[in-house]
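Contents: one structure, followed by commentary.
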Amino acid sequence: MNRRRGLMRSYGRNDRISNLELFALMLVFVVGSLLTLPVGYAAGHDSWISVLIGTFAGLGINGLYAYLCRRYPKKSLVEIAHLILGSWIGKLVGLLYAWYAFYLGSYVLRNFTDMTSAVLLPRTPTVVLGIVMVVLTVWTATKGIEVISRCSLIILLFIFVSTFIGCVLLIPNMEPYNLFPVLDNGWHAILLGAGQIATVPLGETIVFAMLIPYVNRTKFVGRTVLGAIGASGGLLLVTCFVNIFVLGEIAGEQLFPSYTSFMYISVGDFFERIEPLVFTVWIFNEFTKLSVCLLTTSVAFAQTIRSKDHRVYLLPVGLLILLFSTFLHPSQLDVVEFVKTVWPLYSVPFLLVVPLLLLVVSLFRRKGMHANLTDAEPK
């Protein structure tokens, strides 16, 4: 009974989720990038190979932090850094990951406002769209991660239904010969696209290293994380094939490739222009992704400064994300170019260097402790 009370005090109301909810939340988080960013298309019609390679790389990145969190149950990546590297370096790591989640959230909000303004509300100021989204995500995040994850279960159903219907209706517009000739663009372009896939949609899930302690059965977290990344990679592959079949070589030149593909849907003279339905599903994806970024930023910052309640930081962080997203880049073209060229390199320290450092130091400390205990045994 005391143990249960301790957990409730530690995590609060609506702050416990199941592995299924974590799976849905991660999948919706990744899918939020599918409609807006033409990442992974550097190899043109060979981009499907980039998706395959990038998915395996994404599995490795996510498996790294999932294994680290399993070695330290009920601890986030920031708390693990405090335990392994000490208080001062741990605070630095906490601030770095708070910044990463904050920076990512700013790009998510910018993508949402730019695309909504371009295809749905061209006369509405983007700042108004940003204010509405930030208010909704801050309100949702204050309700707890359980509320966000249960929303993602519903959104996930709409994702699968809309993807299936869209793929079926696009069959008359598909040209499988667009895939040939294979390896026409060389391995350099393929690996460049794979790097984008591994770091942009799949590697960004590093923010979930802050949320794993909220899972009620952490024993199966590793399988859940890898399953979500595998499913996301499969959905990315399907989307890539559809875009190449429909758009051909121009798929990577589109600002919104998936949205452009859905514009080709036309059944007779009565069933067409269904892309607004797809766009509605995407809005909920972006809502979920921004909520996760907002929550992880607040959690990482609160754990860094040893604050008891991360909720008090949600509104200030949301307002800062709104302000920062406004001045990121002058146009959507600059945003896409940054995400395709700079963001993969920028993400490497957060996705690989720090987790690997924590894991190596952790393994050496365990070996050192084992050696000391062995020397201390009486002979």
Side-chain angles (χ1 to χ4, degrees), residues 25-37 39 76-78 93-117 126-145 147-149 151-152 155 199-212 214 282-304 310-329 332 334-336 338-339 342-344 346-347 349-351:
L25 191 58
M26 291 187 68
L27 191 54
V28 173
F29 181 91
V30 173
V31 172
S33 301
L34 290 183
L35 196 62
T36 56
L37 298 174
V39 294
S76 71
L77 196 64
V78 174
V93 171
L95 290 176
L96 286 175
Y97 279 96
W99 165 253
Y100 178 83
F102 173 84
Y103 202 25
L104 176 60
S106 300
Y107 274 96
V108 173
L109 183 60
R110 179 59 183 267
N111 285 329
F112 165 77
T113 56
D114 282 348
M115 185 170 182
T116 304
S117 177
T126 55
V127 67
V128 174
L129 300 174
I131 290 173
V132 173
M133 178 61 86
V134 167
V135 169
L136 289 175
T137 52
V138 168
W139 178 77
T140 305
T142 56
K143 300 300 179 181
I145 188 176
V147 174
I148 302 174
S149 60
C151 289
S152 68
I155 297 170
T199 55
V200 178
L202 300 182
E204 291 170 351
T205 52
I206 187 69
V207 298
F208 283 90
M210 312 299 161
L211 305 180
I212 285 179
Y214 295 111
W282 171 80
I283 288 177
F284 287 109
N285 293 340
E286 292 292 273
F287 163 79
T288 304
K289 189 169 185 176
L290 183 57
S291 298
V292 171
C293 291
L294 181 63
L295 183 62
T296 52
T297 302
S298 302
V299 169
F301 183 73
Q303 291 177 351
T304 300
H310 66 271
R311 288 176 173 85
V312 299
Y313 305 106
L314 290 172
L315 181 58
V317 169
L319 294 176
L320 287 174
I321 285 178
L322 175 63
L323 180 64
F324 194 66
S325 66
T326 306
F327 302 102
L328 277 175
H329 297 280
Q332 178 68 6
D334 291 322
V335 172
V336 172
F338 177 86
V339 172
V342 179
W343 185 262
Y346 177 82
S347 302
F350 301 95
L351 307 186

F301 and V317, any side-chain heavy atoms less than 4.5 Å apart: no
Test item: L351 and E204 side chains (from C-beta on) under 4.5 Å apart, heavy atoms: no
Return the minimal non-hydrogen interatomic distance between Q303 and V78, and the atom names on each side. OE1-CB, 3.7 Å
Pair Y97, V299 - check side-chain contact (heavy atoms from CB on, under 4.5 Å), show working. CA-CA 10 Å; Y97 279 96; V299 169; over 6 Å; no
Taking the side chain as every heavy atom from C-beta outward, state whether T137 and I321 have any pair of such atoms under 4.5 Å apart. no
Taking the six-membered ring for Trp and the full ring for Phe, Tyr or His, determine whether the centres of Y103 and Y346 are under 6.0 Å apart. yes
Count the heavy atoms of every other residue, nucleotide or ligand shown that sit under 6.0 Å from CZ of F324, and state whether that count exceeds 12. yes
Over all heavy atoms of both residues, which pair between R311 and T142 is shortest? Give the atoms and the distance, please. NE-O, 3.0 Å
Rounded to the nearest 0.5 Å, the CG atom of N285 sits from the CG atom of L290 at a distance of 12.5 Å
Any idea which heavy atoms bring T288 and S152 closest together, and the distance? CG2-CB, 4.4 Å
Any chance you could lay out the side-chain contact (heavy atoms from CB on, under 4.5 Å) test for V134 and L109, step after step, and finish with the verdict? CA-CA 8 Å; V134 167; L109 183 60; 3.7 Å; yes
Assign the ring pair H329 / Y107 to parallel, tilted or perpendicular, where the plane angle (0 to 90°) is split at 30° and 60°. tilted
Measure from the ring center of F350 to the ring center of W99 and say whether it is less than 6.0 Å. no
Taking all non-hydrogen atoms of both residues into account, name the closest pair between P344 and V200 and its distance. CG-CG2, 4.3 Å
Going through the checks in order, is the side-chain contact (heavy atoms from CB on, under 4.5 Å) test met by V31 and I155? CA-CA 11 Å; V31 172; I155 297 170; over 6 Å; no
Could you tell me which non-hydrogen atom of I283 sits nearest to which non-hydrogen atom of M133, and how far apart they are? O-CE, 4.2 Å
Okay, side chain of T116, backbone of T113: is any donor-acceptor separation there less than 3.5 Å? no
Beyond-backbone contact of L320 with Y313, side-chain heavy atoms, under 4.5 angstrom: no
Heavy-atom nearest pair, C293 first then V108, reads SG-CG2, 4.5 Å
Any Y100 side-chain heavy atom under 4.5 Å of I206 side chain: yes
Checking the side chain of S117 only, and the main-chain atoms of D114 only, is there a donor and an acceptor separated by less than 3.5 Å? no
Please test F29 against F208 for ring-ring contact (aromatic ring centres under 6.0 Å, His included), starting from the C-alpha separation and ending with a verdict. CA-CA 10 Å; F29 181 91; F208 283 90; 5.2 Å; yes
Quick check: do T205 and V30 have side-chain heavy atoms less than 4.5 Å from each other? yes
Determine whether L77 and M210 make a side-chain contact, defined as any pair of heavy atoms from C-beta on separated by less than 4.5 Å. yes
Do V207 and L211 have side chains that get closer than 4.5 Å, going by heavy atoms? no
